[in-house]
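Next up is a structure, given as structure tokens.
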Amino acid sequence: MKQVDIVVIGAGSLGAMALWQLGHRSDLRVLGIERYGPVNRHGSYAGESRLFRTAVKEGRIFNDLADRSVGLWQDLEERTGRSIRLPCGALSIGPPDIAPMAATARVIDEFGIPHRMLDERQLRDEYPQFAIDAGDIGILDIRGGALRPEVAVFSALQVAEEHGVDMWYGTEVVDIAPEETGVVVTTGTTTVRADRVIVTAGSWTTELLPELAGLIDVRPIGLTWAMPTDIARYTPEYLPVFLRDRVEPDGSIVHWFGTPTLDGYSIKIGLYPERWDVVSAVSDVPKAYTEERLDEIGPRLVECMPGLMGAPVRASVHHDGYTGNAVPVVERFGGGRVIVAAGLSGNGFKFAPAYGLMLAQLAIGDESDLLRPEFAADRHPERGPVAG
Ligand SMILES: Cc1cc2nc3c(=O)[nH]c(=O)nc-3n(C[C@H](O)[C@H](O)[C@H](O)COP(=O)(O)OP(=O)(O)OC[C@H]3O[C@@H](n4cnc5c(N)ncnc54)[C@H](O)[C@@H]3O)c2cc1C
């Protein structure tokens, strides 16, 4: 039976970053096992771009991860000579008193995050791409921007392999069995024994670790792209990544998010919340939007940015694992030999290199200054049964 020090199961967002970090340790035999190819359309990172923010309204527990990720993304760019992070800023727009805007302002104050505040007039002058309402403000997170997830995952894997990490692609892990002296990992064709195992299997995690099934469910997330009549004002020089919140007449908050153009003709712009049902497995995630849904979404995108032509020009459906409180689970099983990070809850890519560093530290030395008590499995609420 093949024997290694550390196996990483799932070489997607977090797994690729953990493998990159483990590659620094030439004294360790490290093996990555990935069901698909080195970069693919199945992982939760697929879809051309991800938003990167350092003013993280989702909670102060993410602040260290955000800070550390800035340097790590830069490090990966320098090592590979590739552009992974577009430093165009992240702009939040909305009324100052609604929860997401107030939370963004609070973390900025608390952690001294580099930013710019814009009043309604400045927003209208500087960002004419948006429909601005009376009383809206803007908060520009200066270190924010867009990430290219496929380029990032590929780059991390490439550096890992250059440093001697062994990769098995096209290989599915079907079982993980912790024993007293190691962990036996079984694939469709062979078994490997490792000292430690890191599980970064994303939305598939509960298929390998059913003990987490009560805490994590799988949710579809759709992406849409629309075309402006004049692309010139929608390039990263003029348009940051954006989060735009507006209060509807019934008091609910509608949220748009998006990126400047990366393809030269369209911008990514999405609407949240969307009407997707929680599914019981990745295999149940819808493969595409319905035509009816795209027809409904088009006019809503124009409400946010009047310079867009209505109908989306591109659309795709992806998925992520969600926990009940949108905080990821980072937990150790099997006497500490199996370390899992899952349930990134639609918010994990921006911090992927910091999670990768955390996982590598936990696998090598049992400790990480990036680990928070809130990540422990017993700090998460149980999920209800999934319908359908
Ligand atoms: C549409 C969309 C938009 C998003 N937008 C943002 C954003 O703007 N900013 C942000 O920060 N986050 C965003 N997220 C969230 C972020 O992309 C995810 O949280 C993150 O990619 C999850 O990473 P992961 O490593 O857990 O999963 P993945 O990247 O999916 O990696 C899991 C890997 O494990 C492999 N695998 C699974 N099971 C097995 C097995 N049995 N054997 C071998 N390999 C296996 C899979 O093939 C996959 O490669 C978004 C997510 C989606 C879907």
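Each ligand, and each atom within it, is numbered from 1 in the order the structure gives. The chain is numbered in sequence order, starting from 1.
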The closest protein heavy-atom partner of atom 32 (C) of ligand 1 is T200 O, 3.4 Å

If you compare H42, E34, M17 by their heavy atoms, the one closest to atom 48 (C) of ligand 1 turns out to be E34

* Strictly by modelled atom types, are W20 and Q158 linked by a side-chain donor-acceptor pair under 3.5 Å? -> no

Query raised in the report: Does any N/O atom on A11 come nearer than 3.5 Å to any N/O atom on ligand 1?
Result: no

*Do any N/O atoms on S203 end up under 3.5 angstrom from N/O atoms on ligand 1?*
no

Checklist entry - Are I9 and V184 linked, directly or through other ILVMFWY residues, by side chains that come within less than 4.5 angstrom of each other? => result no

Closest to atom 2 (C) of ligand 1 (heavy atoms only, candidates E207, R50, E48) is R50

Min over L223, V241, T259 of heavy-atom distance to atom 1 (C) of ligand 1 lands on L223

**OP:** Looking only at distances, please establish whether an N/O atom of ligand 1 is found under 3.5 Å from an N/O atom of K268.
**Re:** no

Enclosure of Q3 CD (heavy-atom neighbours >12, cutoff 6.0 Å)
yes

Inset, instruction - Report the C-alpha distance between Y272 and F257 in whole Å, list the side-chain angles of each, state the deciding distance to 0.1 Å, and finish with yes or no for ring-ring contact (aromatic ring centres under 6.0 Å, His included). - result: CA-CA 8 Å; Y272 185 86; F257 63 91; 7.4 Å; no

Whether R53 and D141 form a salt bridge (side-chain N of Lys/Arg under 4.0 Å from carboxylate O of Asp/Glu) is what I want to check.
no

Subject >> Working for side chain to side chain contact (heavy atoms under 4.5 Å, CB included), residues S345 and D320 >> reply: CA-CA 6 Å; S345 305; D320 202 3; 5.6 Å; no

Residue pairs meeting salt bridge (charged side-chain N to carboxylate O under 4.0 Å, His left out), one or both in residues 100-119, sequence neighbours left out, come to R60-E110, R116-E126

Using a 6.0 Å cut-off, check whether atom OH of Y36 has over 12 heavy atoms from anything other than its own residue.
yes

When distances are taken from atom 42 (N) of ligand 1, the protein heavy atom at minimum range is V173 N, 3.0 Å

re atom 31 (O) of ligand 1, the protein heavy-atom contact at minimum distance is G12 CA, 3.4 Å

Q) Are any of the heavy atoms in G346 under 4.0 Å away from ligand 1? A) yes

Sorted by chain and number, sequence neighbours left out, side-chain hydrogen bond (donor to acceptor under 3.5 Å, both in side chains) with D125 holds for R121

- Taking distance alone, with no angle check, do L51 and ligand 1 share an N/O pair under 3.5 Å? yes

How about F242 and F130: are their ring centres within less than 6.0 Å of each other?
yes

Exercise for the section: Please report the C-alpha distance between W73 and F349 in whole Å, then the side-chain angles of each, then the deciding distance to 0.1 Å, and finally whether the ring-ring contact (aromatic ring centres under 6.0 Å, His included) criterion is met. Expected result: CA-CA 11 Å; W73 284 126; F349 200 83; 5.6 Å; yes

Any heavy atom of I33 under 4.0 Å from ligand 1? The part involved is backbone

Atom 53 (C) of ligand 1 sits nearest the protein heavy atom H319 O, 3.3 Å

Next on the checklist: Looking at Y169, I want to see if its OH is surrounded by more than 12 non-hydrogen atoms of other residues, nucleotides or ligands under 6.0 Å.
Outcome noted: yes

ask   = Can you find an N or O of R35 that's nearer than 3.5 Å to an N or O of ligand 1?
value = yes

Ranked by distance from atom 21 (O) of ligand 1, the top protein heavy atom is S13 OG, 2.7 Å

In ligand 1, the atoms that come under 4.0 Å of a heavy atom of G348 are 11 (O), 12 (N), 15 (C), 16 (C), 19 (O)

Open item on the list: If I apply the N/O under 3.5 Å rule, does G15 come out as touching ligand 1?
Closed with: no

Margin query: Please determine whether the number of non-hydrogen atoms from other residues, nucleotides or ligands lying under 6.0 Å from atom CZ of R41 exceeds 12.
Written below: no

| query | Can you find an N or O of I9 that's nearer than 3.5 Å to an N or O of ligand 1? | reply | no

* Asked: Based purely on interatomic distance, does D320 place a nitrogen or oxygen under 3.5 Å from a nitrogen or oxygen of ligand 1?
  -> yes

Note: ligand 1 atoms sitting under 4.0 Å from heavy atoms of Y36 are 47 (O)

query = Any sub-3.5 Å donor-acceptor pair from T224's side-chain atoms to I269's backbone N or O?
reply = yes

the protein heavy atom lying closest to atom 30 (O) of ligand 1 turns out to be S44 N, 2.7 Å

Counting heavy atoms under 4.0 Å, the part of Y45 that contacts ligand 1 is both

TODO: Take V159 and H163 through the test side chain to side chain contact (heavy atoms under 4.5 Å, CB included) and record every step on the way to the result.
DONE: CA-CA 6 Å; V159 177; H163 284 81; 3.6 Å; yes

Q: May I ask you to decide if D195's main-chain N or O and R337's side chain share a donor-acceptor pair within less than 3.5 Å?
A: yes

heavy-atom search around atom 16 (C) of ligand 1 in the protein gives F349 N, 3.5 Å

among protein heavy atoms, the one nearest atom 26 (O) of ligand 1 is G202 CA, 3.4 Å

Under 4.0 Å from one or more heavy atoms of W204, ligand 1 contributes atoms 30 (O), 37 (C), 38 (N), 46 (C), 48 (C)

Does G222 reach ligand 1 with a nitrogen or oxygen that is under 3.5 Å from one of the ligand's nitrogen or oxygen atoms?
no

### Query
What about the rings of W204 and H319, do their centers lie closer together than 6.0 Å?
yes

Next item on the list: Say whether E172 and ligand 1 are in contact under the criterion: heavy-atom distance to a ligand atom below 4.0 Å.
Entry: yes

Open item on the list: With a 4.0 Å cut-off on heavy atoms, is T171 in contact with ligand 1?
Closed with: yes

- Message: Polar contacts were defined as any N/O atom of the residue lying under 3.5 Å from an N/O atom of the ligand; does this apply to S345 and ligand 1?
- Response: no

Ligand 1 to G43, heavy atom cutoff 4.0 Å, flagged ligand atoms 30 (O)

